[in-house]
Amino acid sequence: MNKEMLNLGNNRSIIRELFEFSKTQKSILGAENVFDFSIGNPSVEPNQCVKELILDLLKENDQCQIHGYTSAQGDIEVRDAIAKDLNNRYKTNYDSSMVYMTCGAAASLCITFRAIVESNEDEILAIAPYFTEYKVFVSSTGAKFKVVPADLKNFQINIEEVEKLINKNTKGIIINSPNNPSGVIYSKENLEKLSTLLLAKEKEFNHPIYIICDEPYREIAYDGIEVPHIPSIYHNTIICYSYSKSLSLPGERIGYILTPNTMDDYKNVYAACLGAGRAYGYVCAPSLFQKVIAKCADKTSDMEAYKENRDLLYNGLTKLGYECVYPQGAFYLFMKSPEDDSFKFMEKAKKYNIVLVPSDSFGVKGYVRIAYCISKDTIINSMPQFKKLMEEYRK
Ligand code: PLP
């Protein structure tokens with residue numbers, strides 16, 4: 001047996017662990033008495049067009065075609081619709097030959113890493129705080145996973161720290177913005193500085209250094225802040241997208257990889273993704289949902305609900321004296337633990353039936369992540385509990 005896989009299977013991620021803990025507590029205490037901020041499961045309904053399309057598709061005569069295999073890279077109709085939507089939004093010139101349909105962002109990332117990693121010497125960088133599964137996905141290709149320390153002031157990309165870590169073995173850097181867990185959106189200026197650095201390093205080492213842009217929260221941005229389209233800033237960018245959050249479809253496993261024509265060698269990168277998808281046995285993303293996305297590519301769920309939650313939570317917690325990073329997007333709030341050890345804080349919060357995720361597995365110590373993709377009532381009713389929790393520290 002592969003010991004690494006055995007270990008992964010036997011040890012759930014802390015988020016999954018807390019999610020299971022919440023489920024047990026809810027069955028004992030009643031769902032309304034547990035304030036579960038553990039997991040990023042969307043709480044707003046999918047756009048109405050999703051339901052209507054599924055019902056229509058299930059009425060079609062040829063059900064074998066609806067549920068059948070598609071091309072390995074996905075139906076031409078959905079890939080075409082995605083390319084057109086991106087072109088409308090970003091004034092780009094993409095087409096279906098650059099889009100590869102996948103089973104969500106996780107599959108997009110695994111395929112991309114497999115496609116670009118050549119040897120165990122290769123290194124992939126992630127910027128703290130980062131989505132915990134990156135380490136698992138990168139390590140499983142044999143490449144080394146390196147962490148760029150967080151910019152604890154602004155939670156932007158710390159360019160000097162990136163520079164220190166880049167060497168001839170660097171294959172790529174993962175960018176996730178709006179960020180899980182900080183909720184921060186990397187500014188255009190910050191990304192331009194990164195682009196300048198990467199271009200210089202590509203020249204120095206004479207090989208591509210890819211940005212792997214993981215953007216499942218692209219559409220969840222507040223206060224009119226624009227999420228920069230990274231291929232327009234840096235040429236060697238591969239986009240890993242998912243409809244899990246923007247259309248509230250995480251269980252349906254649908255997303256895509258875009259290998260844009262801004263890249264030096266985009267046709268071969270696309271072919272390597274096809275190869276990696278084949279090697280993993282990931283070909284042909286769910287066909288019913290490919291057909292749904294072909295008609296809903298330009299739609300989202302109602303993102304205003306998350307903004308209301310953001311405001312309630314941020315204002316409520318800061319008023320109680322908690323120190324929070326102001327979330328500009330996604331549906332996570334990053335809060336400073338009132339004591340250095342965020343695991344101890346998590347345990348104390350549990351006494352008040354508040355379930356928070358300690359930040360250590362995101363590559364930063366001393367914070368907790370609060371997922372606010374939950375009902376408004378849960379946020380409102382959690383405030384007296386957060387107050388009691390803070391009082392413990394003030395005693
Ligand atoms: N990347 C980030 C930053 C995420 O937060 C998630 C899920 O929460 C994923 C990737 C995986 O998304 P998917 O469900 O589409 O596989």
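All residue numbers in this chain count up from 1 along the given sequence. Quick note: numbers below take in every heavy atom, side chains included, and nothing from hydrogens, waters or symmetry partners. As the structure lists them, so they are numbered: ligands from 1, and atoms in each ligand from 1.
A cation-pi arrangement, defined by a distance under 6.0 Å to the six-membered ring centre and an angle within 45 degrees of its axis, is present between R218 and Y241.
Y222 has its ring centre no less than 6.0 Å from the ring centre of Y314. No close placement of the Y210 and Y234 rings is indicated, their centers lying 6.0 Å or farther apart.
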Salt bridge (Lys or Arg N to Asp or Glu O under 4.0 Å) between E204 and K201, intermediate numbers included:
CA-CA 5 Å; E204 181 181 341; K201 292 289 172 185; 3.3 Å; yes

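Interatomic distance, Y270 OH to Y100 OH, rounded to the nearest 0.5 Å: 8.0 Å.
When all heavy atoms of Y280 and S140 are compared, the pair lying nearest together is OH-OG, 4.2 Å.
Ligand 1 is surrounded by G104, A105, A106, F131, Y134, N176, N180, D214, P216, Y217, S242, S244, K245, R253, each with at least one heavy atom closer than 4.0 Å.
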